[in-house]
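Labels below follow one simple rule: chain letters A, B, ... track the order of the sequence lines, proteins then strands, and each chain is numbered from 1.
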Amino acid sequence: MDRRSFIKLTAITGTSATLAGCGNPENQLIRFIPAEDIVPGVAVWKPGVCPLCRAGCGLTVRVMDADAEVVRDGQAGIVRIAAAKKLEGAPDHPVNRGGLCPRGQAAIQITYHPDRITQPLRRAGERGQGRYEAVSWDGALTEIVSRLDALEGAGNQRALAAVTQSGRGHRSALIGRFLGAYGAPGPIAYELFGDEVLRRANGLSFGRQQLPTFDLANARYVLSLGADFLGTWNSPVAQSVGYGRMRQGRPGLRGAFTQVESRMSQTGAGADEWVPVRPGTEGVLALGLANLIMAAQLHPASAAGRAGALIEGWNAGLANYAPREVERITGLAAARVERLARQLGDARPAVAMVGGPPLAHSNGLFTALAVNALNALIGAVEQPGGMFFTPQLDVATASKASGSVASPAPTIDRLAADGLSGGPATQVLLVDGANPVFTTPRAWRVREAFEKIPYIASFSSFLDETSILSDLILPDHSFLESWTEALPESGSMVAVASVAPPVMRPLHQTRATADVLLEIGRRLRRPLDLPWQTFDEMLAATFAGLPSATADVDAWTDAQAKGAWAGPLPAGLAVAGTAGASAAPGTFAFTAPLFDGNAEQYPFYFLPYPSNAFLDGSLAHLPWLQEMPDPLSSAMWSSWVEINPATAERLGIGTGDVVEVASAHGALRTAAVITPGIAPDMVAMPAGQGHRTFTRYASGRGENPVELLAPVTDAATAALAWAATRVRMSRVGPPDGRLILFAGGMREHPAGEHQR
Amino acid sequence: MAADLDRCTGCGACVVACHAENNISTVGAGQAAIGRAKHWLRVERYWEGDFPNVGLKFVPVMCQQCDNAPCEPVCPTYASHHTEDGLNAQVYNRCIGTRYCANACPYNVRFFDFFNPSWEKPLQLQLNPDVSLREVGVMEKCTFCVQRIRGTQIQAKAEDREVRDGEIQPACVQSCGARALVFGDLADPESEVSRLSRSPRGSKLLEDLGTQPKVNYLSRQSQA
Amino acid sequence: MCLAAFAGSVGCRLFEPASSTTDSAAPLLPGQSTGVFTTARPTLAGALNDFFGRRPIADQPLEFPHNVHVGKQIMCTEYCHESVTKGPVAGLPSVSTCMICHAAIATDRPRIQQLAALSEKGLDLQWARVYGYATEARVKFNHAPHIRAKVECATCHGDVGEQTVAQRNVDLNMGFCVNCHNANNASVDCLACHF
C-alpha cells in the first residue's frame, strides 16, 4: 500500500467512526423551496455597516448561495439561502475607504456562531445557572409587556432601567425615545474603555463634545500621547488609511510620528520615536511643550483662545511647566522635552492627540484639556493636517421624533449602589449589547445589584455574564440580518450617515431589537407615542430630510445602495456646538494622579488595555480572533501579563511562567510575557479573556484584568480611571501550557512536547 | 507583491481576511499549543534595543512565491511546482503529506493538515465555495488568492480586455487600510508593484539563500 | 488503523456542545444532523466509494423526461439551468421553476400533481447530481467561460436531449479535460482548475 492510500484509509476509518456514532448524515434531511432567487456560484456584493465599535465603518458583503439547515414548522430540513461569505471594507465609504480591521473581518462569525441564541428563551432554573426553556415570540412579548404594565399601574415607571451599548445612532435614539415615552430614565451606556473624558474636554475646549477626526494624510508631524490610534482607539481604520498616506503617500515627504506611553502599544511600534513617561503625567509633558513653544515665540499664547484659557497660568507662559519641572514630574529628560518641542513647533502642519491610558487617571480631564490647549496653540484645530470635528446629524430632529425625552440616566455604579443600599431600586432592567457584569470593577458590585433586580430582559444573541442573569431573552438579529446604521462620530471630514438594509434573511427565530421595542410600545396598556411602526421607517424619516448625492434618486434610496450618505448637513439638522454656552468652569492645573494601593505593598502600576482582538472582551467568542496571533506577543487563545526583562530577572520570572498579580481588590494567576516595551515599574494585561460564560470558545479561558481594578474615577467626569490601580506580582510556578505563542522555534513541536 | 513596512501598522486585518477568504480552519487552543495553528499570512515582530530606547518592527510574511523555490525540488510528487504565470503552486491532489517542503521552506509558511478540519455548524455557511477544503495529510499555504486571480482573468476575458493593474486584490491586500500591501504583475514594468520593486528601500527576505522570492519588502524609513 | 478509529470515537465526544449553556440555547431537534461540518466523508461506505472512484447512480426524486422538454424547444440554458452562462454552476431547477410553466401546463399528469403537491407544502426536489466532481478532486470548474468559448453542452454531457432521466454517459476524468484544453490551446496548468 502506498503512503497516500494509507493516509486516506486512516482518514476514512477515523472520521467515519466519528460520524456514524454522532448523528444522521445530512442527506436524510428534507429540502425546502428557497425563499429567494439566487444564481448559484455567483457572488453579489451588498452594503453593510460594521457594528463592532463606534467608528461605523462601511462594509461590502459578499453574498453567495449556501445550503443551510433550518427548522420550519418544527421540521428540520435544508434550504438554499443567500448567505454572507465575506466582509470587506466598502471602497468608497468616507470613513474606512476599503480598509477593515481584523475585528471587522471576523464579525461575520457572529452571524454563524454555533452558540447563538436562536429563539426567545425564558429562565427555567436558578439565576445564573443558564437553564432556559423555549418560548414563543408572542408569549415572550406578552410577558415583558405585562411587567411594564404592572410598573406603570403602580406609577413606578422610573423603576425601568436600560443598559445599552454606547452610540449616537438611531438605535440609541430609539431606545432613548422608548424610555422617555414610558417615563423611565434614559439608557445607561457604559463602556470600559470609553472616551467620555475626552468628549467632555473637547466640549470645554472647543465646544464640541465628541471625539476628534485627524487629517493624518496631510500632517508633517504627529505627537500621540497614549492613543492607540492604529489599533483600537477612536476610528482605527480611518486613522490607518491616513497614516499610510502620511508615511508614504506623498513623494519626497514623509510625516514623522512620536508616541508617548509607558507600555508600547501596537501603534507605538510604528513610531519614529517612542517616549515613555510616568503614568498620569502626560498632561504635564503637553504643557511643558506648550511652555517651550511659547517661550520660543513660535506661536503666541493667545492663539490657543478658549482652550488655553482653561489652563491655569496659560497666559503667563506656563512658568510652572519649565523643562526641569517637566523632567521632575514625568521622568523625561529636560533635553528631550526641548527636542520634542522643537519638532512640534517647527513642523507644520503638526498635531497632537491623546486617548486611552493618559485619560484613565484621576486627573484625566486635565490631561485632555492640556493636549487640547497645545493643539490650539500650534494651530492644529480645524486646519489641514490637524484635527477636525465631524459634523453630527441631530437624530431627534432628523427623524422627526417629537415628544418626551428621557431624563438623564444614572451611571452604572450609581444604579448598582442604589439597588444595593435601599435607594431607588430598579424593578425591570433591559440589557442591549452590553455586558457590564464582565466590564465593571468588582467593587461596584454590579453583579450583586443585578441579582437583586426582580426582572431582567436581555436582547443578547449570546449567553454572557450579564445575559445569563436575565429572566427573558429576546434575541436580536445579527447585523447582517437586520437594518443597520451608524452615525460616525469621527473619521471623516464631512457628516456621514451609514445605513444598510438586511444582507440576508434571518437564520434563526430572532427579531430585530429596534422592531421589538416598537412592538412592545404598541402593545402596552397605555401605548407609547412612537411615530414609527418599524426601525426602517425611522431611518427613512431621517434620510427624507437629507439632500441626495445622485440626481433622480432620493437620498434614502441612494444611501441604501451605497451603504452611506455623506455631505454637508442641511441647516437645522446638525448638532449645534456648545461654544460659549456653558459657564466658565474655572481653570485646571496638574494634580498628581491618584493610585489605589501604596507603592511599598503594590510596587507596580497596572495597565489593562483593550485587546487588539477582543477590545473589552465583547469579541472573545469569535474563533478567528482567538486564534489570531497578538501583534506584540504572538499569543493565541491566551491571557498574559507583560513584564519588563529587568523586573522579570529580579523576580525570577521567565516567559510562560505562571505569576500571581494582586491588587487590593482581587488577584489572578496568568502567564508572563517578558517584553522590552514596558517600563520596569509597570505590568500590563490585555482585556477580553477571562469570561466565565461566553460561548464554547471563550468560556473559562484566561483571566479578566478588570477583576483587579480599583473603583477610582476621574474627578470631573466620574469615568472609571482604569489605569489607576497598583499591583504586586510574584512567580507561582513554571510554564503550564496556558500561554500559547505562534512565534518561536519550529512550529511543530518535537514529539516529547506533545505528551505534555 | 510588495509590502511597505513604513505603512504597515501590524494590526492583523490581513491575517483574519486570509482565514475568511481561504477556508483556513482554526485548530483550537490544544492544537495551537503544539504548533499546529495555520496562518498562511502572519505578522512577525522584531524588537530592537532595551527599555527605554526600544523599537519594534512588523513584517507581514506570506509565501514568497520564490522563483527558485526550495520547496519544489524536494517534493516527490510534484505537488509543489511552478506555474507558467510564476506562482508557486501547491496541488493538493498530488500531495501525499511528506512535509519535505515545509522542512525545506526557509520562510516557514507551509502548513500541514493534521486532521480533517471541522466547522461547528453553522460556521460552515461562511466557507468560500471558490476555494477547496483541504483534508488530513495535505500541505497548504498562501496561493496569492489564485481563485481571485482566475476569477478576474475570466471576467477580463469575458469583457474582451486585459486585466488592469491593481484589479486583482488578494484578500490581504484588499483588507489593508494603510495600503501596506500591493499586488500586481511584476512582468509588467509599468505596474505599481514593479514601480515599488525598484524602490531604493526595497529588499527581499533571506535573499542570499538564492530563493529569488517575489515579495518586495520596502523598509521602514528612518526620520532624517 | 485501530488507533484511528479510536481517535474518531474520542472526536465524537469532543464535538458535543461544550457546556450546559449551549444545549439550553439550541436544542438538537429530531432529524437535525450533527453540529459539526467536516471535510471527512459522511459514512464509511461513502468514503470507500470515494476511494475506489465509484459513483452512485443518480436516483432522482422524479423521473424528469429531458427529451420531452428539449423536444418542445425549452432551452436548457434559458429556463432550467439558466445560471450556466453566468457563473460556475449550471444550477438544478427548484420546484418553483417547474411551477412557472406547470401551474398551467399538463396539470392532469400524476408527476405534475406530485410536483404541485410538493410546491404546496413548500418542499423542494432533492435532485441527485449526475455530473460534477468529487470534493476530493478539488476541481474549480466554471461553466460560463466554457460556454463563451463555444463548447457545446453535448461535448461534456452527451446528448441529454435524447434521454429521459439524465444519465452520466461522458466520463469527465482529467484526461478528458486536458485533451480538450490542449486541442484548444487552453491552459493546462494545475492551477487553471485545481485550487
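- Separation of atoms CZ (R138(C)) and CG (L133(B)) is listed at 9.0 Å; rounding is to 0.5 Å.
- Neither the backbone nor the side chain of T143(B) comes within less than 4.5 Å of any heavy atom in chain C.
- Atoms CG and CG, from L191(C) and L87(B) in turn, are 6.0 Å apart once rounded to the nearest 0.5 Å.
- Within the 4.5 Å cutoff, no side-chain heavy atoms of F115(B) are placed close to those of T38(C).
- For P129(B), the part lying near chain C is the backbone, with the side chain staying farther off; criterion is any non-hydrogen pair under 4.5 Å.
- Surrounding CD of E120(C) are at most 12 heavy atoms belonging to other residues, nucleotides or ligands under 6.0 Å away.
- In this structure, E152(C) places its CD atom where only 12 or fewer heavy-atom neighbours from other residues, nucleotides or ligands lie under 6.0 Å away.
- The two residues V36(C) and K121(B) come nearest to each other via the heavy atoms O-CE, 3.7 Å.
- Counted within 6.0 Å of CG on D59(C), heavy atoms from surrounding residues, nucleotides or ligands total 12 or fewer; the atom is thus considered open.
- A distance-only check finds a donor-acceptor pair linking the side chain of N93(B) to the backbone of A137(C) [under 3.5 Å].
- Among all heavy-atom pairs drawn from K140(C) and S132(B), the shortest one is CE-N, 3.5 Å.
- Under a cut-off of 6.0 angstrom, the local environment of OH in Y78(B) is sparse, with at most 12 non-hydrogen atoms contributed by other residues, nucleotides or ligands.
- Summarising the local packing, CG of N184(C) is surrounded by more than 12 heavy atoms from other residues, nucleotides or ligands at distances under 6.0 Å.
- Contacts with chain C were tallied for V91(B), V131(B), I149(B); V131(B) has the most, counting heavy-atom pairs under 4.5 Å.
- By the 4.5 Å heavy-atom criterion applied to side chains, R150(B) and F195(C) are counted as neighbours.
- Heavy-atom neighbours of Y100(B) OH from other residues, nucleotides or ligands within 6.0 Å: at or below the threshold of 12.
- The neighbour count for Q113(C) CD, taken as heavy atoms of other residues, nucleotides or ligands under 6.0 Å away, is above 12.
- The part of L127(B) that comes within reach of chain C is its side chain, from C-beta onward, which places non-hydrogen atoms under 4.5 angstrom from that chain.
- Applying the 6.0 Å contact sphere to CZ of R148(C) captures more than 12 heavy atoms from other residues, nucleotides or ligands.
- For chain C, no part of N22(B) is nearby; none of its heavy atoms comes within less than 4.5 Å.
- With rounding to the nearest 0.5 angstrom, the CG atom of N116(B) is 3.5 Å from the OG1 atom of T39(C).
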